Amino acid sequence: IIGAGSVTLHTTLSSLGQKLDEIPMLWMCTVIFYCILDNKSKSKKEAASSVVAYSCLAFVVCQTLIYFRIQSLYEVFVMGYLTMVLTIMFWTAKICWLDDKGEAQGLLRNLWLFSVLNYVVIGSTVWMLDMYACEPWREYYDVLGGMTWHIIWHFGAGLATYCTIQQLIVQRLATLGLQPKLAWKFRFLPIIVQEATGRRRKVATSSGSESDSSKGTRRSSRLRTPGK
C-alpha cells in the first residue's frame, strides 16, 4: 500500500498522491506497535486483548482525521511520523538488547543494527541532503539520469522497515519456543524461516518405531520356527 501510494505521489505530485503516500506510513507504525504487544503472547488466551486492537484502530482513525486537518503543515506530519519511528526503534532495541530471547538474541541484534544503519545512517542522512541541499546537486542529477538523494532515501527507509518486520517474526518464533533461522531469497533478500528441528525429531521417532516394529517381527519369526 505504501509503495503504491508513493508511486502515485511521485508520478502525479498531487494532493491525493500525498495522502496515499503519507497516511499509510502512519498506519504502518501503528500496526508495528500492535505486533510488538501481541508478540509477547504464547497462545490465543494470552494474545493482546481486543481492547488493545480497538485502541490501535481508534488511534489510526484519529491519525487520519488529524492528518486531513494538517496536511498542508508538512512539518507536523514529519514530527508525528518521526516520533512513532523513534518509539519503534527504542522499543525494539529494548527487546533485542535487554530481553532474553535465547539463541535468537544474536539474530535480533544484527537485524536491529542493520535496520538502524539503513534508516538513520543512510536514509535520514540523504533525506536531509535532499530536503536542504537539493539545488547544489541538481546538475549531478541530470548527469546520473535523474538519480536523486530522495531515491536512495526510499531504498534505505524501505529496507529498514523490512528488517524491522523480520525482527517481529524472530520475536514471535522465539516467544513460541521455535528456532528462527536467517535464509536468503534470490541470493540478496534476507528472510526469516523456522529451523526444521521438529521435522528431524519426527523422522527420528518414526525411524525408531519402524526399527522396533521390525525387531518385533523378527522376534516373532524366531519364536514360530521351533513349531514347524
Side-chain angles (χ1 to χ4, degrees), residues 1-3 6 24-49 52-53 56 59 81-128 151-208:
I1 295 174
I2 295 174
S6 184
M25 292 168 65
L26 302 175
W27 294 349
M28 176 200 66
C29 291
T30 306
V31 169
I32 292 176
F33 288 163
Y34 177 80
C35 289
I36 293 174
L37 290 170
D38 191 57
N39 266 348
K40 298 178 181 179
S41 63
K42 294 184 178 180
S43 65
K44 289 184 178 180
K45 293 182 179 179
E46 299 177 6
S49 66
V52 175
C56 288
F59 185 54
Y81 173 67
L82 285 180
T83 300
M84 298 179 76
V85 168
L86 288 174
T87 301
I88 292 170
M89 194 176 297
F90 285 110
W91 199 349
T92 52
K94 183 259 181 186
I95 294 171
C96 295
W97 298 91
L98 299 180
D99 292 0
D100 183 12
K101 292 297 181 181
E103 296 179 10
Q105 202 84 44
L107 181 55
L108 273 173
R109 291 175 179 176
N110 288 336
L111 286 168
W112 187 88
L113 289 171
F114 193 62
S115 177
V116 171
L117 170 67
N118 280 280
Y119 197 90
V120 177
V121 179
I122 298 176
S124 297
T125 301
V126 298
W127 184 83
M128 295 290 287
I151 294 174
I152 300 175
W153 143 253
H154 276 285
F155 275 107
L159 190 55
T161 304
Y162 177 81
C163 288
T164 299
I165 294 171
Q166 299 307 302
Q167 287 181 58
L168 296 175
I169 296 173
V170 172
Q171 292 169 25
R172 187 61 184 156
L173 289 173
T175 299
L176 296 176
L178 303 173
Q179 183 61 41
K181 176 184 176 182
L182 180 65
W184 295 90
K185 195 77 171 178
F186 310 119
R187 298 187 179 182
F188 70 89
L189 185 65
I191 60 172
I192 300 301
V193 297
Q194 179 187 338
E195 185 75 52
T197 52
R199 182 186 298 178
R200 287 200 296 270
R201 286 175 187 162
K202 185 175 181 181
V203 171
T205 304
S206 300
S207 301

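This one's a predicted model, so the numbers in the text were calculated from it and none came from an experiment.
- Between Ile169 and Pro180, the closest side-chain pair of non-hydrogen atoms is not below 4.5 Å.
- Interatomic distance, CD1 of Ile2 versus OG of Ser6, reported as 9.0 Å (0.5 Å rounding).
- Here the side chains of Ile191 and Tyr162 are in contact, with some heavy-atom distance below 4.5 Å.
- Between the side chain of Thr161 and the main chain of Ala157, a donor-acceptor pair closer than 3.5 Å is present.
- With sequence neighbours left out, Lys181 forms a salt bridge (charged side-chain N to carboxylate O under 4.0 Å, His left out) with no residue at all.
- Residues passing the side chain to side chain donor-acceptor pair (under 3.5 Å) test with Asn110: none are found, sequence neighbours excluded.
- Between Met84 and Thr87, the closest side-chain pair of non-hydrogen atoms is not below 4.5 Å.
- Listed by first and then second residue, the salt bridge (Lys or Arg N to Asp or Glu O under 4.0 Å) pairs involving residues 86-96 are Lys94-Asp99 (not counting sequence neighbours).
- Environment of CG in Leu176: crowded, with over 12 heavy atoms of neighbouring residues, nucleotides or ligands closer than 6.0 Å.
- A distance of 8.0 Å separates CD1 of Ile95 from CG of Leu108, quoted to the nearest 0.5 Å.
- With sequence neighbours excluded, the residues forming a side chain to side chain donor-acceptor pair (under 3.5 Å) with Trp112 are Thr92, listed by chain and number.
- Residues meeting the side chain to side chain donor-acceptor pair (under 3.5 Å) test with Trp153, sequence neighbours left out: none.
- With hydrogens and angles disregarded, a donor-acceptor distance shorter than 3.5 Å links the side chain of Gln105 to the backbone of Cys96.
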Donor-acceptor list for residues 113-126 side chains, cut-off 3.5 Å, not counting sequence neighbours:
from   : atom 1 : to     : atom 2 : distance (Å)
Ser115 : OG     : Ala160 : O      : 3.0
Ser115 : OG     : Thr164 : OG1    : 3.3
Asn118 : ND2    : Phe114 : O      : 2.8
Tyr119 : OH     : Tyr81  : OH     : 3.3
Ser124 : OG     : Tyr119 : O      : 2.8
Thr125 : OG1    : Val121 : O      : 2.6

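- Leu168 is linked by a side chain to side chain contact (heavy atoms under 4.5 Å, CB included) to Ile32, Cys35, Ile36, Asn39, Gln171, counting only residues two or more places apart in sequence or in another chain.
- Residues passing the side chain to side chain donor-acceptor pair (under 3.5 Å) test with Thr30 are Gln63, sequence neighbours excluded.
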